[in-house]
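One structure below.
Worth knowing before you read on, the calculation uses all heavy atoms, side chains too, and leaves out hydrogens, waters and symmetry mates.
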Amino acid sequence: MKLAFVQDWFNANGGAEKVAGAILDIYEREDVTVYALFDKFSPAARKEILNNRVVKTSLLQYVPFISKFYRYFLPVMPWLIRRFYLKGYDLILSTSHAVAKGFRSDPAILNICYCHTPLRPIWDMYDDYAAGHALGRSFVYRSFVNYLRKWDVASSKHVHYFIANSIHIQQRIKSSYGRESTVIYPPVRTDKFILNEAPRKDYYLCVGRVVPYKKMDMVIRAFRQMPDKKLALIGDGWGTKQFGDMLKGCTNIEWLGYKNDAEMIRYIQEAKACIFAAKEDFGIMCVEAQACGTPVLALDYGGYRETVIDGTTGYLFPEQTDQSVIDAVNKFEAQPLNDHIAVRQNALRFSGERFTKKFAAFVQAAQEEFYKNKK
């Protein structure tokens with residue numbers, strides 16, 4: 001089978017990239033061509049996710065420092081992705097949280113999109129992104145968003161089947177595009193994030209990419225008000241510049257920066273609990289923490305409502321405020337969740353093996369239905 005696989009871009013080795021790797025592993029014996037707007041993977045990530053495949057890229061590949069400034073190129077991404085014209089394939093698969101589904105293709109080729117989310121800055125999180133943009137309330141910004149919405153809806157019509165990464169995203173696909181979808185939860189590396197039944201150390205952990213929507217700064221502010229509670233931070237990203245000033249004089253907070261998988265897993269395994277304050281559509285890291293038997297304190301939003309059993313594997317807090325985080329920590333201190341086996345059992349619902357079986361079965365059924373209807 002000749003297959004085209006389209007990803008928004010390959011940059012940090014995060015949750016979306018892990019899904020891409022899992023899909024490519026399913027079709028490792030097929031003739032696969034990979035497309036992305038740019039590929040700035042490290043050699044280790046390229047080997048893990050892409051199995052050292054060569055990626056066909058757009059002009060963004062040649063922009064200096066694109067890995068740091070790619071978000072500023074959103075206005076031209078629809079034009080760039082449409083420069084990919086896919087023909088001569090038996091199947092096209094895409095995974096998208098931005099523009100990946102917007103390529104041009106022969107409509108006679110089955111086109112399946114695994115949607116992590118409709119483009120967040122123009123749909124459900126428009127207000128959040130606009131508030132952080134210098135032109136966020138201007139006519140120019142609103143006009144640009146309206147243009148992108150029309151393009152996004154138009155590009156969705158070329159997809160034959162949508163797969164949603166959660167019930168939350170299934171609802172968003174329906175409200176944004178008016179399309180039905182099937183939920184297949186992303187693969188979680190439960191074989192790598194393993195149970196730790198040993199006594200935990202006396203610290204909370206916040207881990208993830210350091211970008212504004214992750215709200216690590218909010219967690220820091222909360223722990224500044226709890227000097228008797230220890231917090232460790234793991235991650236890197238363009239939002240780290242503000243951490244230095246925030247952490248001055250905070251002896252109870254330690255920023256560890258980037259850690260490789262082995263080191264990160266050890267910190268998760270030894271933490272009292274992990275804190276997740278972002279608005280996530282699924283939140284793979286939250287499930288990976290639970291796979292280690294580590295309880296979580298997570299925002300009552302989106303995918304966390306599907307992956308956290310409130311009162312058993314963690315506690316959900318209602319708002320993105322310092323006080324909500326403080327209240328969640330105090331609740332955990334008063335009512336700790338020490339059944340680490342139960343926490344891990346919950347995570348096993350999202351194993352990589354389950355994803356592989358469901359995704360492969362869905363694609364096979366879609367192929368049979370699509371080509372049967374063409375006859």
Side-chain angles (χ1 to χ4, degrees), residues 8 12-22 95-98 114-120 123-125 128 163-173 183-190 192-193 204-219 233-235 237 239 261 264-265 267-268 271 273-320 324-325 328 332 337 343-352 354-355:
D8 292 301
N13 190 358
E17 290 74 22
K18 295 290 194 299
V19 173
T95 65
S96 181
H97 59 83
Y114 188 95
C115 184
H116 296 288
T117 176
L119 189 55
R120 301 178 87 182
W123 294 110
D124 70 306
M125 293 189 69
D128 293 31
I163 302 173
N165 76 351
S166 63
I167 296 171
H168 175 68
I169 292 304
Q170 183 182 52
Q171 294 166 345
R172 295 245 309 278
I173 291 171
V183 175
I184 301 179
Y185 289 117
V188 176
R189 298 172 294 169
T190 53
K192 191 169 186 177
F193 289 76
Y204 292 85
L205 180 65
C206 191
V207 56
R209 287 180 296 119
V210 183
V211 291
Y213 90 90
K214 292 289 187 180
K215 297 294 183 182
M216 284 192 175
D217 57 334
M218 182 185 74
V219 178
L233 300 157
I234 290 178
D261 277 359
M264 178 182 66
I265 290 170
Y267 276 100
I268 292 173
C274 287
I275 301 174
F276 299 94
K279 289 182 178 179
E280 294 285 10
D281 304 311
F282 179 76
I284 284 181
M285 185 64 70
C286 180
V287 185
E288 289 175 336
Q290 293 175 76
C292 295
T294 303
V296 297
L297 308 178
L299 181 67
D300 187 7
Y301 176 90
Y304 295 143
R305 293 173 177 171
E306 302 171 50
T307 62
V308 180
I309 302 175
D310 195 21
T312 301
T313 70
Y315 291 120
L316 298 174
F317 55 88
E319 299 174 330
Q320 285 184 316
S324 275
V325 175
F332 184 83
L337 303 171
V343 175
R344 176 170 171 79
Q345 283 299 123
N346 179 54
L348 294 179
R349 298 187 291 132
F350 308 98
S351 70
R354 172 210 50 82
F355 173 84

- Taking the side chain as every heavy atom from C-beta outward, state whether I169 and H116 have any pair of such atoms under 4.5 Å apart. no
- Would you mind reporting whether Y315 and D310 have side-chain heavy atoms less than 4.5 Å apart? yes
- Message: Any heavy-atom pair between the side chains of F350 and Q290 that's under 4.5 Å?
- Response: no
- Message: Between V188 and F193, is there a side-chain heavy-atom distance shorter than 4.5 Å?
- Response: no
- Set of residues satisfying side-chain hydrogen bond (donor to acceptor under 3.5 Å, both in side chains) with respect to T307, sequence neighbours excluded: none
- Query: Which heavy atom in V219 sits nearest to a heavy atom in C206, and how many Å separate them?
  - Reply: CG2-SG, 4.2 Å
- Task: Kindly state whether the ring of H168 and the ring of F282 have centres lying under 6.0 angstrom apart.
- Result: no
- Student check: side-chain heavy atoms of K215 and V325 closer than 4.5 Å: no
- Atom of A277, atom of M218 and distance for their closest heavy-atom approach: CB-CE, 3.4 Å
- For A291, does its backbone N or O pair with a side-chain atom of R344 as donor and acceptor, under 3.5 Å? yes
- Donor-acceptor pair between E306 and Y185 side chains, under 3.5 angstrom: yes
- Is any side-chain heavy atom of K214 less than 4.5 Å from a side-chain heavy atom of M285? no
- If every non-hydrogen atom of V308 is compared with every non-hydrogen atom of C286, which pair is closest and at what distance? CG2-SG, 3.7 Å
- Query: Between D300 (side chain) and L316 (backbone), is there a donor-acceptor pair under 3.5 Å?
  - Reply: no
- Query: Hey, does the side chain of E280 reach the backbone of G302 with a donor-acceptor pair shorter than 3.5 angstrom?
  - Reply: no
- Would a distance-only check, ignoring hydrogens and angles, find a side-chain to backbone donor-acceptor pair under 3.5 Å from D281 to T117? no
- Check T294 against A271 and note the closest heavy-atom contact, atom names and distance. CG2-O, 3.8 Å
- Query: Who passes side chain to side chain contact (heavy atoms under 4.5 Å, CB included) against A12, sequence neighbours left out?
  - Reply: R209
- Heavy atoms of V207 and M216 approach each other most closely as C-CE, 3.6 Å
- Message: Quick one: does any side-chain atom of R354 pair with a main-chain N or O of R349 as donor and acceptor, under 3.5 Å?
- Response: yes
- Of all heavy-atom pairs linking A273 and L297, the shortest is CB-CG, 4.4 Å
- Query: Looking only at atom types and distance, does a side-chain atom of T190 sit under 3.5 Å from a main-chain N or O of L348, one as donor and one as acceptor?
  - Reply: no
- Task: Taking the side chain as every heavy atom from C-beta outward, state whether R120 and H97 have any atom pair closer than 4.5 Å.
- Result: no
